Amino acid sequence: MLQIINPINEEYNDNPFLKLKKEINKNQLNFDSSVFDIFYFNKFLKEPCLIILMKKMNKINIFRLKDNKILLSINIPKQFDQPQSLFEPSPIIKHFYVNNNDYLVYAKKNNLFVYNLSSNSFKYTLQTPQSLYIENLLLIKNTNRKMNYLVLSQKNIYLENNNNNLVGENIKVYNFDKGTFINNVIGTDNLVCYDIIYWKEDYIVICSNNSIKIVNFINSQTYHTFNNNFKNKNGYINYKSDSLIVFSNNDTQNIISFYDLNNKTLIKNITIKLQNVLLSKQIFKWNETYAVINCDKYIFIIDTINKFCINSISSKNINVVKKINHPKYGKCLVNVKSK
């Protein structure tokens, strides 16, 4: 089932909240509601579309949100069509628009393929080392180098046990256009990497356990490290001010932090006062003023200018949301879930 929720007003006002506007796609129940993406298909007049992984994990369907029409159905190669084990991470689906083409990137375990949606054809497959399960996937369009990079990482979650005999995998950089390996980001094999974010030029921000590290993904040089006592789960950058917003927590606290990347300073911490520690699913920009944080039980609306939480919404029936501009409902958050 697909739900579309949007603000009662065009922007958040004095008492902002979300309301359910429409439920659609009720007949398509055999998909994995945790693996999807939303994009605007240029081949079909930039219509907002939904990419979903079918539950048997052997097919990916592209739906047009306006009328639920299946525009494309992609058969997943056999090496990707494997049962999901209990301890491995969920597959990843991402859409990228590169060189006037729409691309689908699908990653499972240490395998990845890129599919050209515009020409309805496979571009390539690649395989990372057996010990690296792809859990974060980032496209970087570097205009200075005239190169499109694909940055892959895993959480190295077993390092949280503080076992000094264990070594994780470094973040790895590939050429997106050719699928060829470029380099490791040296020194990232000891990080529990929850999220990676592109900043500018050759720099990425790594949200990890006890630190937020800004590093050059080409030469591995560190620009700055913000050390703290939190699991820094997700973040995004306000490029207008070069400020970083991160959702973090420890055993007792949920924290939203604001960092000045140019001056390498912590601006402010906001404590979300709840009895339980939340599982953050994602944080993203709504507009120049507001950010949205989706957790396992709440959606928080953050004023990024004045730096405070202006509202929280119960999200018991929310899985992972995406922001779209729907032709009928305007600016919306789309929640995909199966009954």
Side-chain angles (χ1 to χ4, degrees), residues 35-53 59-77 80 91-108 111-128 134 136-152 172-183 196-204 217-218 236-240 282 284-288 322-332 334 336:
V35 185
F36 74 97
D37 203 356
I38 299 283
F39 75 109
Y40 301 88
F41 207 165
N42 288 271
K43 187 177 179 180
F44 292 89
L45 302 176
K46 297 185 178 180
E47 287 279 0
C49 296
L50 171 69
I51 309 174
I52 57 175
L53 174 65
K59 185 176 292 187
I60 295 172
N61 284 339
I62 315 295
F63 284 92
R64 185 163 56 192
L65 292 182
K66 180 175 68 176
D67 55 11
N68 291 348
K69 181 180 179 181
I70 298 178
L71 301 178
L72 282 178
S73 189
I74 302 165
N75 292 319
I76 295 176
F80 295 83
I92 299 174
I93 282 179
K94 292 281 189 179
H95 164 265
F96 298 125
Y97 186 67
V98 182
N99 300 329
N100 298 318
N101 282 280
D102 287 294
Y103 288 101
L104 160 71
V105 180
Y106 177 74
K108 187 174 187 293
N111 290 294
L112 177 147
F113 74 75
V114 177
Y115 193 91
N116 188 323
L117 296 171
S118 300
S119 63
N120 195 15
S121 60
F122 277 94
K123 186 173 176 65
Y124 60 79
T125 63
L126 66 83
Q127 188 176 65
T128 64
I134 302 167
N136 293 303
L137 192 159
L138 176 67
L139 174 73
I140 295 175
K141 301 177 184 180
N142 192 305
T143 54
N144 292 333
R145 294 180 179 271
K146 297 181 180 179
M147 176 79 75
N148 298 312
Y149 297 95
L150 196 60
V151 182
L152 307 177
K172 302 188 182 303
V173 182
Y174 291 80
N175 182 320
F176 174 81
D177 301 303
K178 299 179 181 179
T180 52
F181 177 75
I182 296 178
N183 63 269
I196 47 175
I197 311 156
Y198 179 54
W199 179 24
K200 64 180 181 180
E201 299 171 349
D202 297 335
Y203 290 99
I204 57 174
F217 66 88
I218 298 297
Y236 90 87
I237 293 175
N238 183 331
Y239 292 97
K240 189 174 182 179
Q282 83 257 64
F284 56 88
K285 173 183 174 180
W286 178 263
N287 57 26
E288 293 299 329
K322 302 286 184 179
K323 175 187 171 183
I324 67 166
N325 191 4
H326 193 276
K328 182 177 180 180
Y329 302 109
K331 295 180 181 180
C332 299
V334 176
V336 178

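Quantities reported herein were computed from a predicted structural model and do not represent experimental measurements.
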If we only count heavy atoms from C-beta on, is the [X] to [Y] side-chain gap below 4.5 Å?
| X | Y | result |
| --- | --- | --- |
| Asn120 | Tyr115 | yes |
| Asn144 | Asp202 | no |
| Asn99 | Phe176 | no |
| Glu288 | Asn238 | yes |
| Leu126 | Phe181 | no |
| Phe63 | Ile70 | yes |
| Thr125 | Asn111 | no |
| Phe41 | Arg64 | no |

Side chain [X], main chain [Y], donor-acceptor under 3.5 Å:
| X | Y | answer |
| --- | --- | --- |
| Asn142 | Glu201 | yes |
| Lys141 | Tyr97 | yes |
| Ser118 | Asp102 | yes |
| Tyr40 | Cys49 | no |

Starting at [atom1] of [X], measure out to [atom2] of [Y] and round the result to the nearest 0.5 Å.
| X | Y | atom1 | atom2 | value |
| --- | --- | --- | --- | --- |
| Ile60 | Ile76 | CD1 | CD1 | 4.0 Å |
| His95 | Leu117 | NE2 | CG | 6.5 Å |
| Ile204 | Leu138 | CD1 | CG | 7.5 Å |
| Leu50 | Leu71 | CG | CG | 10.5 Å |
| Ile92 | Lys108 | CD1 | NZ | 12.0 Å |
| Lys123 | Asn101 | NZ | CG | 8.0 Å |

Worksheet entry | Output field: ring centroids Phe96/Tyr103 closer than 6.0 Å | no
Practice prompt. Under the side-chain contact (heavy atoms from CB on, under 4.5 Å) rule, what do Ile140 and Val173 come out as? Steps first, then yes or no, please.
Written response: CA-CA 10 Å; Ile140 295 175; Val173 182; over 6 Å; no
Worksheet item: Hey, is NZ on Lys200 packed in by over 12 heavy atoms from elsewhere, all under 6.0 Å?
Response: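 Above 12, so yes.
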Worksheet item: When you look at NZ of Lys94, are more than 12 heavy atoms from neighbouring residues, nucleotides or ligands closer to it than 6.0 Å?
Response: no
Discussion item. Students often mix this up, so state it plainly: with edges at 30° and 60°, are the rings of Phe113 and Tyr106 parallel, tilted or perpendicular?
Written reply: tilted
Worksheet item: Which one of Tyr203, Trp199, Tyr149, Tyr174 satisfies the ring-ring contact (aromatic ring centres under 6.0 Å, His included) criterion with Phe217?
Response: Tyr149
Discussion item. Show, in sequence, the C-alpha distance, side-chain angles and deciding distance for Val151 and Tyr198, and conclude whether the side-chain contact (heavy atoms from CB on, under 4.5 Å) test is met.
Written reply: CA-CA 10 Å; Val151 182; Tyr198 179 54; over 6 Å; no
Practice prompt. Before giving the answer on side-chain contact (heavy atoms from CB on, under 4.5 Å), spell out for Val105 and Ile134 the whole-Å C-alpha distance, their side-chain angles and the decisive distance to 0.1 Å.
Written response: CA-CA 12 Å; Val105 180; Ile134 302 167; over 6 Å; no
Item to complete: Check the pair Leu150, Leu112 against side-chain contact (heavy atoms from CB on, under 4.5 Å), reporting the backbone distance first and the verdict last.
Response: CA-CA 11 Å; Leu150 196 60; Leu112 177 147; 4.1 Å; yes
